[in-house]
Every structure is written in structure tokens, then in C-alpha cells.
Protein chains: 2
Amino acid sequence: MREFMAITKALSDPNRVRVLLALRQGELCVCQITELFSFAPSTVSKHLSILHHAHLILSRKSERWVYYRLPDKSAPVAVREALDWVHKSLAKSAETKADIKKLKQILKTDLAVICRRQKCC
Amino acid sequence: MREFMAITKALSDPNRVRVLLALRQGELCVCQITELFSFAPSTVSKHLSILHHAHLILSRKSERWVYYRLPDKSAPVAVREALDWVHKSLAKSAETKADIKKLKQILKTDLAVICRRQKCC
DNA sequence: AAGTCATTTCGTCAAATGACGAAATATAAA
DNA sequence: TTTATATTTCGTCATTTGACGAAATGACTT
């Protein structure tokens, strides 16, 4: 029950759901997600930690960056089913399409450039 | 997206999830659910209205009482999948078993008696 | 037509949530 | 070893949420 509620609470914020849908395109580092959302890095980090706590995403550190990704088949059943449900329900939504479009642009740009950009404005 | 978030927000409170699991036993009226939860009737009513708004439950008025039930196959896909996911994840949990046990006792008692009982203490 | 009763709506209040910026942390670069 | 940089943690604040009781609603009974 506690684990299940961690999942539903994680899914109860639209921006966290957007993260899950964005990660279907492949793993992303915090600054790429921050760029996608136009939120403060600390805000994005908090959202990611809530998703991570619910085991809906996994993290990996490499060089200067922390990457988050969706879990594989070995994830708990409740997690896998939640992720499938989210994707099935929203993959075709306008919001998801817009995010994926913006994400494609972000992925074209060098990581270091994106991160540095977030310092000034 | 809006409909989907209505569902996830509805599922983000454990008491609302408990309602969905209880309704697997068959339709229940507000005072029976109130009895199960030991909350104020107004609180239960609010929870039910949130579930109803997300289309996770249906309502029916008969004689003096309002009955709530789970929807049938004709419900939206996202709703059906959510309900299946909840049930699959929690049907065997300790909390669910305890609720069902208490519910069986409640169902043995006459509706009018239960409702009247909620006036005094 | 008035009264009763189950439920809902409204207003209030404490607690939780989600946003931010500043400071702390940890790792890579110089 | 110092500096730079990406991320996280912390404290603050406005908003939302979930609880309650009181009052309103709406449908049977009488």
C-alpha cells in the first residue's frame, strides 16, 4: 500500500507525468529536463526525486551529469503497469507531442551549452 | 490530459483508493462507506465526488439513499485500466483485507440503523 | 403541506504541496 | 589543490488539500 501510494502521489502532478513521457525518448540529464520545462533546477530535481522514490525512474551518474531513465522489465509489476498505463493514455495527447517536439530540439544541442545557458536568465 | 490527471489526483489519496477497493464487493451507499471509514459524512461525500468527477465511480439514487458503484466495461479505457491496476496491486494488501472484513459486518446490518447511528456520536 | 432524513455544499482551519533562490555538496577541470 | 559546474538540500512562501461542523438541498413520509 505504501509503495502503491508513492506511485499514485508521484503521478498526481502533471509535470512529473510529463517527465515519464519525455523519458520514453531515452534517458535525459537534469539540465535537459530543466530546459524542457522552464522551471528552476531545484524544482525539477525535487520532481525527479519523487519519481525516483516511487521507483518510476532510475538514475545514473556519468561525468558531470546525472541521467534519469525509465526502468526495464525487472521493475516491480505495479511500476511497470503504471508506466504502461501512463504511456497508453497520453502518448497521443497534444501536450506530449509538444514536449517531444521541443525535446528533439534540445537533444540537438550540446549538453554543456544547455547547462551553461541556465545560469544567466 | 485533463481527464487523466483527474484520475491520478483521485488516486493520490489512500482513502479514495480504499473506496474503489471496497466497491469491488458491490455497490455501497454513502452511509455504509462513512461507517467503514469513521469519517464525517461530509468528508466521505467529498471523496466520492472527486472519484465521481474522474469517472472512477457511478452513482444512483434509490429511496432515501445514494449508492455508488464501479463502472462497467463501457467506461473509458483509461478508467478501466486504472481500476484494474488498483485492484491488481492492492487486492491482497493487509489494508484491503481489513476493510473487506469490516465491510462484511456492515453489510449484515440494516441500512437505516447504520445511518441513524451516525447522528449521535 | 410539513417534517424527516440522507447527502451535499459551504466556510474554516491545519497540514501538505509545489514553486523559488540561496547555500551545500560532489565531481570534473585547471 | 583550487576552481568551476551540475545537482541537491534547505528555508520560505503562496496555493491546494483534506478534515470538520453547520447549513442547504432534495426526496420520501406522514
Side-chain angles (χ1 to χ4, degrees), chain A residues 2 5-19 27-54 57-69 106 109-121, chain B residues 5-6 8-19 27-54 57-69 106 109-121:
Chain A
R2 282 192 47 233
M5 291 313 302
I7 297 175
T8 61
K9 289 207 183 261
L11 295 181
S12 71
D13 180 276
N15 295 315
R16 290 195 288 268
V17 173
R18 287 172 66 201
V19 170
E27 70 173 8
L28 296 169
C29 88
V30 179
C31 68
Q32 290 172 315
I33 300 169
T34 301
E35 186 73 10
L36 176 62
F37 281 44
S38 309
F39 277 142
S42 61
T43 302
V44 172
S45 178
K46 188 79 209 299
H47 281 311
L48 291 169
S49 90
I50 290 170
L51 288 167
H52 189 256
H53 174 251
I57 57 176
L58 303 174
S59 70
R60 166 179 85 86
K61 207 165 207 168
S62 173
E63 301 179 42
R64 290 187 284 174
W65 296 287
V66 176
Y67 292 90
Y68 285 92
R69 68 179 187 282
I106 292 169
T109 312
D110 187 60
L111 255 186
V113 175
I114 290 175
C115 282
R116 228 170 303 137
R117 198 188 295 165
Q118 286 162 13
K119 297 249 119 184
C120 50
C121 40
Chain B
M5 291 312 303
T8 62
K9 290 208 183 257
L11 296 180
S12 70
D13 180 275
N15 295 315
R16 289 194 290 266
V17 172
R18 286 173 66 202
V19 171
E27 70 173 8
L28 297 169
C29 87
V30 179
C31 68
Q32 290 172 318
I33 301 169
T34 301
E35 186 73 9
L36 176 62
F37 281 45
S38 307
F39 276 142
S42 61
T43 302
V44 172
S45 178
K46 188 77 208 299
H47 281 312
L48 291 169
S49 89
I50 290 170
L51 288 166
H52 190 256
H53 174 250
I57 58 176
L58 303 176
S59 70
R60 168 177 86 86
K61 206 164 207 167
S62 174
E63 303 177 39
R64 288 187 286 176
W65 296 288
V66 176
Y67 292 89
Y68 285 92
R69 67 180 187 280
I106 293 169
T109 312
D110 187 59
L111 255 186
V113 174
I114 290 175
C115 281
R116 227 170 305 137
R117 197 187 299 165
Q118 285 160 17
K119 298 249 120 184
C120 50
C121 38

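In what follows, chains are A, B, ... by sequence order, proteins preceding strands, each numbered from 1.
The interatomic distance linking A:Y67 (OH) with D:dT7 (P) rounds to 9 Å, in whole Å. At whole-Å resolution of the value, CG in A:L51 and P in D:dT7 are 16 Å apart. In this structure, A:W65 atom CH2 and C:dA26 atom C1' are separated by 15 Å, rounded to whole Å. Nucleotide D:dT8 holds its P atom 7 Å from the CG atom of A:L48, rounded to whole Å. Here the P atom of nucleotide D:dA6 and the CG atom of A:D110 are 11 Å apart, to the nearest Å.
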Nucleotide-resolved protein contact map, nucleotides 18-30 of chain D, B/S/- at heavy-atom distance under 4.0 Å: SSBBB----S---

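For B:R60, the side-chain hydrogen bond (donor to acceptor under 3.5 Å, both in side chains) partners are B:E27, not counting sequence neighbours. Residues passing the side chain to side chain contact (heavy atoms under 4.5 Å, CB included) test with B:H53 are B:A6, sequence neighbours excluded. Looking at residues two or more places apart in sequence or on another chain, you find a side chain to side chain contact (heavy atoms under 4.5 Å, CB included) between B:A112 and B:R64, B:W65, B:D110, B:R116.
For the atom pair A:I106 CD1 and A:L111 CG, the distance stands at 10.5 Å (nearest 0.5 Å). Within the model, atoms CG of B:L48 and CD1 of B:I57 stand 5.0 Å from one another, a figure rounded to the nearest 0.5 Å.
Rounded to 10°, the angle separating the first-five-pair axis and the last-five-pair axis of the helix from C:dA1-D:dT30 to C:dA30-D:dT1 equals 20°.
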Report all side-chain donor-acceptor pairs from residues 7-18 of chain A shorter than 3.5 Å, counting only partners two or more places apart or in another chain.
from: A:T8; atom 1: OG1; to: A:M5; atom 2: O; distance (Å): 3.2
from: A:T8; atom 1: OG1; to: B:L11; atom 2: O; distance (Å): 3.1
from: A:K9; atom 1: NZ; to: B:S12; atom 2: O; distance (Å): 3.3
from: A:S12; atom 1: OG; to: A:K9; atom 2: O; distance (Å): 2.8
from: A:D13; atom 1: OD1; to: A:N15; atom 2: N; distance (Å): 2.8
from: A:D13; atom 1: OD1; to: A:R16; atom 2: N; distance (Å): 3.3
from: A:N15; atom 1: OD1; to: A:R18; atom 2: NH1; distance (Å): 3.1
from: A:R16; atom 1: NE; to: A:A10; atom 2: O; distance (Å): 2.8
from: A:R16; atom 1: NH1; to: A:H47; atom 2: ND1; distance (Å): 3.1
from: A:R16; atom 1: NH2; to: A:K9; atom 2: O; distance (Å): 3.0
from: A:R18; atom 1: NE; to: A:D99; atom 2: OD2; distance (Å): 2.7
from: A:R18; atom 1: NH2; to: A:D99; atom 2: OD1; distance (Å): 2.9

Sequence neighbours left out, cut at 3.5 Å: what donor-acceptor pairs do the side chains of residues 31-39 of chain A make with other protein atoms?
from: A:Q32; atom 1: OE1; to: A:C29; atom 2: N; distance (Å): 2.9
from: A:T34; atom 1: OG1; to: A:V30; atom 2: O; distance (Å): 2.8
from: A:E35; atom 1: OE1; to: A:Q118; atom 2: NE2; distance (Å): 3.3
from: A:E35; atom 1: OE2; to: A:R117; atom 2: NH1; distance (Å): 2.7

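Here B:Y68 lies in heavy-atom contact (under 4.0 Å) with sugar-phosphate atoms only.
Each salt bridge (charged side-chain N to carboxylate O under 4.0 Å, His left out) pair with one or both residues in residues 37-53 of chain B, not counting sequence neighbours, would appear here, but there are none.
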